[in-house]
Every structure is written in C-alpha cells, then in structure tokens.
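Everything on this sheet refers to the single structure shown next.
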Amino acid sequence: MGIRATVVVCLALVATALITTGCASAEGTSVTSTAERFLSAAGEGRGGQACLLLAPEAARSLDDCEKQIVSVGLRAGVVRGVDVWGDEARVWVDGDTLFLHRFPDGWRVRAAGCEPRPDQSHTGQPYECEVNT
Amino acid sequence: MKRLVRDNALALCFLLLFLATLAGQSVAGTAAFNEEQVANGGSSVTWAEYVTSSSFAVDVAENWQSEYLQFFLYILITVWLIQRGSPESKKRGEEGLESDAEQKVGPHAAPGSPAWAAADGWRKTVFSHSLGIAMGLLFLLSWLAQSVAGLAAYNNEQLAQLEDPVSWGGYVTSPDFWNRTLQNWQSEFLAVASMVLLAIFLRERGSPQSKKVGDPHSETASSG
C-alpha cells in the first residue's frame, strides 16, 4: 500500500473512532429519554409500560415483570450524567444508576436500581443492581 | 497494462492479500462479536455496523501499529548495528550514516538522483530520513488510532459488564491497552530476530531476502 493511501486509512481509523465517540454524545438524548420514561413508569405504578422499556432478558429475569418492577422502589429523578459508548450506556439519576443497551428498535434498560459496591468501587467490580439481565 | 502489472507485481500481490485478509477478518470478526453480544443478552449487529465499530477499528489498528514499528525500528537500527553473516546487514565498518559521496547526496548526487537528494539544507536532511519519518509517523498514527478505538471498545465492554468507563488517560495506562500493544510488539521483534539469525545459515534460492545458496555463512550484506 502506498504511504499516502496508508495515511488516509490510518486517519479514517482515527476518524471512525472519533465519530463513534461523537455519535455517542448525540445518542445521549435518546438514552436519557428512555431512562426517564422507564423510571417514571416504574415509579408511578405503570408496570406494563416500564416492562416494555426493559431489555428482553431483564424482563424475563423477573417472575411477574409488571408487578415486580413497581415494587423495586425505582423513582424518577434528575439526570446527573450520561455515558454512551457504542451500543451501551449508563445514566446517573438522583439515587439510581441505570445501564441501557441499544437494540434495533431503540434503547432498552438492561439494569436498574444499580449502586457501585461501596468498598470495591475502584477494583473493577460490577455495580449491584435490583433488576439485571 | 500488462507491463505495469508485472513491474508492480510485488506491491499488487501484497495489496490484494491485505484486502482479502482484511475482508476475511471483518467477516470472522462480525461472527465472533455477535456470539459475544448474544451471550451478554445484547442484539446482533450487521457486517456494516461491525466494520464501522470501535471493536473492529482497535483490532485492525493494534496490528498495524506493531508492523509499522517493526519496520521503523529495523530501518533505523540497521543504520547503526550490524549482524555478521546476515544479508539484511551492512558490513563491519559501514555502521552509521555514511559519507555524502557514498550516499550520493548534495554535490555527489547523480544525474538521476531525486531533486531533494541534490538539494542542500533541510530538504536534503528530510529526504535522507524520509523512509524512517514516514514509518515512524504511520506507527504513531496507528497507535493513536488504537488508543482511541480501544478506549471506545473497552468502555463499551465495561458498560456491558455494569462497570465504570475510563478516560483516555486511564485507558492508555490500563492493562488492556498495554496487553494489546505488547502482545503485538513481542511477536514482531521475535520475527525480526528470527529472520536476521536464520538468514545467516539458511537460504531461499532466488530471494533477495536471502544470500545466494552457495554464499558462505560468514558473508554479510549479499543477496541472491
């Protein structure tokens, strides 16, 4: 491969990586909207609507999704931050952290009611979640 | 056209091999990525989505950077270090940048020499090191691409495992980044050392990378 062509491909690789990051920030609004609708539904007793916004595996992890999702104690709150990396996202809400995955038909909640493990927050341990896949 | 192909057959052959294997990597990579996605409760991606993903970009870039580093170091180190008996090495006493006359630069440039070889000042200096500079820049660019794409792929995995994402600074000091980097570097250095040493004692008839079959093992800087 000619040097010029290689430089172009290298720049394309860097650009791909940067665009991936850039697109991630554009996805933030969509992620936040799904998280807010999910928490509102779960917090206000609309279990059916909340379960529709759960990832299929997360919904299946609950015996009776519509009843159980409203009894977990999830509440809507102010969104404090959103991280989107590819097809995975994390949303910080007052008193809660949610993890979402992007499916072909949109973002769905993979885990909710999550908290970092208090004494192991920097040792690569996953969050502890009330609802999980 | 036929002559053009024949005159550039070596470059064309490797370009075609590159494209074929990159295509193969993209297909195999899509399948492997989707196996992992499904196992983690996620959804499958299309080939087009995969080849524009950070996961594919980091896998490609981490191999590129090590190849360019290999050539960059080989080009530079063989200026100063020799290996007796190696067709890839200069002879003893020829170490270093060599004289302008030997290198045909400045007033010693031949009629067919490139213009910048005959020039003085910075143009002569830049052209005298242009191969090393190009390989070095390609290495740094590929390595940067690896770090940026690797960060995106790593953080995607972190979130999939319900763990905290990290910053770029955090990533380039992480075990994941250095594991990807060093596992490629070690293989390149081993391959170069093997080539340098094996080419002393073994031959490939007709290859310019080898000495002539009948050349003595001790003969340095010859090719067959």
Side-chain angles (χ1 to χ4, degrees), chain A residues 1-24 55-61 83-91 97-106 108 110-112 114-117 120-129 132-133, chain B residues 11-12 14-15 18-19 22 37-38 40-46 49 51-58 60-62 64-65 67-68 130-131 133-135 137-166 168 174-175:
Chain A
M1 184 183 295
I3 284 174
R4 192 180 296 172
T6 311
V7 169
V8 168
V9 179
C10 277
L11 288 172
L13 275 176
V14 175
T16 301
L18 291 174
I19 288 166
T20 307
T21 316
C23 291
E57 287 222 355
R60 278 197 292 273
S61 73
D83 289 302
V84 183
W85 291 97
D87 56 7
E88 302 290 342
R90 178 181 66 170
V91 180
T97 301
L98 285 80
F99 289 85
L100 295 90
H101 177 81
R102 189 179 55 221
F103 287 85
D105 57 344
R108 296 286 179 269
R110 286 184 58 224
C114 302
E115 283 184 2
R117 292 172 198 248
Q120 296 174 318
S121 57
H122 297 292
T123 56
Q125 292 294 313
Y127 280 58
E128 276 183 320
C129 303
N132 200 345
T133 50
Chain B
L12 286 171
F14 276 96
L15 264 176
F18 163 69
L19 292 174
L22 187 66
Q37 284 283 101
V38 172
N40 289 333
S43 51
S44 297
V45 297
T46 63
E49 284 171 329
V51 296
T52 53
S53 72
S54 55
S55 185
F56 180 64
V58 68
V60 171
E62 74 175 47
W64 285 17
Q65 59 87 2
E67 303 300 336
Y68 285 119
S130 51
L131 187 59
I133 291 169
M135 288 297 178
L137 283 177
L138 288 170
F139 158 63
L140 289 176
L141 209 52
S142 312
W143 206 19
L144 175 66
Q146 179 198 328
S147 75
V148 176
L151 171 68
Y154 182 76
N155 278 344
N156 179 260
E157 230 170 84
Q158 287 288 101
L159 291 181
Q161 293 166 2
L162 311 184
E163 293 180 32
D164 287 320
V166 299
W168 183 82
S174 73

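Atom set for the values below is all heavy atoms of this structure, side chains included, hydrogens, waters and symmetry mates excluded. Keep in mind the model is a prediction, meaning the values are calculated, not measured.
- For A:A55, no part lies near chain B; criterion is any non-hydrogen pair under 4.5 Å.
- Checked by atom type and distance alone, the side chain of A:R90 never pairs as donor or acceptor with a backbone atom of B:D164 at under 3.5 Å.
- Expressed to the nearest 0.5 Å, how far CG of A:D87 lies from OG of B:S53 amounts to 9.0 Å.
- Of the two parts of A:N132, only the side chain, counted from C-beta on, holds a non-hydrogen atom closer than 4.5 Å to a non-hydrogen atom of chain B.
- Not counting sequence neighbours, the partners of A:E128 by the salt bridge (charged side-chain N to carboxylate O under 4.0 Å, His left out) test are A:R117.
- When all heavy atoms are compared, the tightest approach of B:L159 to A:F99 is O-CD2, 3.6 Å.
- Closest approach of B:L162 and A:A111 over heavy atoms only: CD2-CB, 3.9 Å.
- Looking at B:Q37, only its side chain comes within 4.5 Å of chain A, counting heavy atoms on both sides.
- The greatest number of non-hydrogen atom pairs below 4.5 Å with chain A, out of B:S55, B:A160, B:G150, is found for B:A160.
- Rounded to the nearest 0.5 angstrom, B:Q158 CD and A:E88 CD are separated by 11.5 Å.
- Annotation for B:E49: atom CD counts as buried by contact number, over 12 foreign heavy atoms lying within 6.0 Å.
- For chain B, the nearby parts of A:F103 are the backbone and the side chain; heavy atoms of each come within less than 4.5 Å.
- Heavy-atom distances place the side chain of A:E57, and not its backbone, under 4.5 Å from chain B.
- Between A:W85 and B:P165, the shortest heavy-atom contact is NE1-CB, 3.7 Å.
- Of the two parts of A:R102, only the backbone, made up of N, CA, C and O, holds a non-hydrogen atom closer than 4.5 Å to a non-hydrogen atom of chain B.
- Heavy-atom distances place the backbone of A:A89, and not its side chain, under 4.5 Å from chain B.
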